[in-house]
Amino acid sequence: MLQRHTCYECINWPLVACVCARSPAALLRRGSRVFFSVNCHVHSSGGVTSKEHYKIVVLGGGSGGITMGARMKRKIGAENVAIVEPSEMHYYQPIWTLVGAGAKIITSSGRPTASVIPPGVKWVKSRVMNIDPKNNTVFTDSGHKISYDYLIVALGLQLHYEKIKGLPEGFEHPKIGSNYSLQTVEKTWTALQNFKEGNAIFSFPNTPVKCAGAPQKIMYLSDAFLRKTGKRSKANIIYNTSLPVLFGVKKYADALWEIVKSRHIDVNLRHNLIEVRADRREAVFEDLDRPGESKVFEYEMLHVTPPMGPPAVLKGSSLEDHAGWLDVNKHTLQHNKYANVFGIGDCTNLPTSKTAAAVAAQSSVLQRTITKVMKKDKPDKEYDGYTSCPLVTSYNTVILAEFDYNGQPLETFPVDQSKESRIMYHMKADIMPHLYWHGLLKGLWGGPGPYRKLMHLGMK
């Protein structure tokens, strides 16, 4: 039986025992160690030794952490910036939707962390264990402490498969997968390929999630695959979501309802997955509108979107809000209590969808905010909540949802983006990954705002 543990090469929180050595990604990870060893003159893999104080310390080496590291390097010099991140690999997770549907391979999603850390910036290859904002100090699992003048928290969020009874051990059984984990995304593709007849069920949890469109993207792709392979007539596709709506922005929700109806997909609102009986291929959902009532669904395929929550290290740090998320000003991204602390991305309590597109837009605002604070000036640029979700509806179409804090569409192109588009699919599958690696992570891409104004002749 697989044992739960923490595998820093796969993911930064406990999941299941490391099966990555048997996956296609293993070769890429082993290669990263070679890359890391020959780049040790630039990036440090151990604890802090020669220097324990940095002007800016960035916690987290995900999309938000790397892009802010790059931006701050250009602002104050590489020698004044440190990034604390334990993982040897960095993954472009949005592509996992296509990996789970067999349209991309897992190895295309990852690169060695050493290759994305901005050159010259200190990489502290450790895990954050404690944050003391009153004394401007961070403690790592390597036993060292790092002091800072300014702190950027970009720790992402945590997956909680264990909050669903029967998981994560249920992933040992066939017919079940999840596109939200490196260790389970290929299981989705296996389950889809091996589908014979019965229910194909897709869940959405009763918590905030990253990329809120992903749970139904794999549903539409599965529908397309089953049609292509002649199995759709034997499949009953079911989307059980905890939400009271199909999608949070009405314009796009209306378009998705039309797709759902035309493809004969069953949608059950306010249904939350609470148990998986993998040995019997049963999934138990609670009815959130009828407390105490639940329903058992048999499945031939089950895609699980796990409950998610804030980084555990924030608890008790005085940095968190009542729900545990980093408490920042929604417009400036500056912490509401500590003026020298800032946040970006999934770990924050910003009331917008948690996506890489949101990180891009936040990064340009945050750079401006920090620059102003360093000069003892008042931040003068505001984040409007821009986020984007490329809703993949087949193997060649996408609805590109873009919106702000108010749930109002904030579209970049002068077309109706609620319509399925082949061009938008190409952007999702081929252009956005390139923009991520060579634009966002280099600190050069701050979202499509300027281009939106150009596309709409300055009217947006």
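- For the residue pair E52/S147, the side-chain donor-acceptor check at 3.5 Å is not satisfied.
- Between the side chain of N268 and the backbone N or O of H271, no donor-acceptor pair lies under 3.5 Å.
- Between K104 and D430, at least one side-chain nitrogen of the basic residue sits less than 4.0 Å from a carboxylate oxygen of the acidic one, meeting the salt-bridge criterion.
- For the 3.5 Å distance criterion, the side chains of Y161 and S178 qualify, holding a donor opposite an acceptor.
- No donor-acceptor distance shorter than 3.5 angstrom exists from the side chain of R127 to the backbone of E85, with no hydrogens or angles considered.
- Considering all non-hydrogen atoms of both residues, V124 and A82 come closest at CG2-CB, 4.4 Å.
- In this structure, a donor-acceptor pair under 3.5 Å is absent between the side chains of Q334 and N329.
- Between V209 and P306 the shortest heavy-atom distance is CG1-O, 4.4 Å.
- Side-chain contact of S142 with T140: a donor-acceptor pair under 3.5 Å is present, judged by distance alone.
- Under a 3.5 Å cut-off, the side chain of R74 and the backbone N or O of G443 do form a donor-acceptor pair.
- Proximity of a side-chain donor or acceptor of S418 to a complementary backbone N or O of K251 within less than 3.5 Å is not detected.
- Aromatic ring orientation, H303 versus Y180: tilted (interplanar angle from 30° to 60°).
- Of the residues listed (T348, N349, N336), the one engaging D321 in a side-chain hydrogen bond (donor to acceptor under 3.5 Å, both in side chains) is N349, and it is the only one.
- Partner of W445 under the side chain to side chain contact (heavy atoms under 4.5 Å, CB included) criterion, chosen from V359, T67, L435: L435.
- The two residues L269 and L243 have their closest heavy-atom pair at CB-O, 3.5 Å.
- Between Y220 and I259, the closest side-chain pair of non-hydrogen atoms falls below 4.5 Å.
- In this structure, the side chain of E258 does not engage the main chain of D254 through any donor-acceptor pair within 3.5 Å.
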Discussion item. Could you walk me through whether Y405 and Y383 satisfy the ring-ring contact (aromatic ring centres under 6.0 Å, His included) test, starting with their C-alpha distance in whole Å, then the side-chain angles of each, then the deciding distance to 0.1 Å, before giving a yes or no?
Written reply: CA-CA 9 Å; Y405 274 138; Y383 172 55; 5.5 Å; yes
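- Between D287 and R270, none of the side-chain N atoms (NZ, or NE/NH1/NH2) sits under 4.0 Å from a carboxylate O, so this pair counts as no salt bridge.
- Using a distance-only test at 3.5 Å, with no hydrogens or angles considered, no donor-acceptor pair links the side chain of Y92 to the main chain of S63.
- Judged purely by distance below 3.5 Å, without hydrogens or angles, the side chains of T355 and T387 pair a donor atom with an acceptor atom.
- One finds no salt bridge joining D327 and K337 here, because no Lys/Arg side-chain nitrogen approaches an Asp/Glu carboxylate oxygen to under 4.0 Å.
- Residues A101 and W189 share a closest heavy-atom pair of O-CZ3, 3.2 Å.
- Proximity of K187 to F171: side-chain heavy atoms (C-beta onward) are separated by under 4.5 Å at one or more points.
- Looking only at atom types and distance, the side chain of N179 has a donor-acceptor partner in the side chain of T188 under 3.5 Å away.
- With contacts defined as side-chain heavy-atom distances shorter than 4.5 Å, the pair S363/M68 qualifies.
- Side chains of S242 and N206: a donor-acceptor N/O pair is absent below 3.5 angstrom, by distance only.
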Discussion item. Before you tell me yes or no, could you show the steps for M424 and M427 under side-chain contact (heavy atoms from CB on, under 4.5 Å), namely the whole-Å CA-CA distance, both residues' side-chain angles and the distance that decides it to 0.1 Å?
Written reply: CA-CA 5 Å; M424 299 304 181; M427 284 184 56; 3.8 Å; yes
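- Between the E320 side chain and the S318 main chain, a donor and an acceptor come within less than 3.5 Å of each other.
- Looking at E382, its side chain never comes within 3.5 Å of a backbone N or O of K330 through a donor-acceptor pair.
- Formation of a donor-acceptor pair under 3.5 Å by the E420 side chain with backbone atoms of V398 is not found in this model.
- The nearest pair of heavy atoms linking N135 to D132 is ND2-OD2, 2.7 Å.
- A side-chain N or O of N340 and one of N136 form a donor-acceptor pair less than 3.5 Å apart.
- Using modelled atom types, no side-chain atom of H90 and backbone atom of V116 make a donor-acceptor pair closer than 3.5 Å.
- A side chain to side chain contact (heavy atoms under 4.5 Å, CB included) with M308 holds for exactly one of K163, Q158, K210, H160; it is K210.
- For K381 against S364, the heavy-atom pair with the smallest separation is NZ-OG, 3.8 Å.
- Judged by the 6.0 Å distance and 45° axis criteria, K217 is not positioned over the aromatic ring of W96.
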Item to complete: Could you give me the CA-CA distance, side-chain angles and deciding distance for Y148 and Y54, then say whether side-chain contact (heavy atoms from CB on, under 4.5 Å) is met?
Response: CA-CA 5 Å; Y148 58 81; Y54 295 87; 5.6 Å; no
Worksheet item: Are L246 and W257 close enough, and set up right, to give a side-chain contact (heavy atoms from CB on, under 4.5 Å), and what steps lead you there?
Response: CA-CA 7 Å; L246 185 57; W257 275 117; 3.7 Å; yes
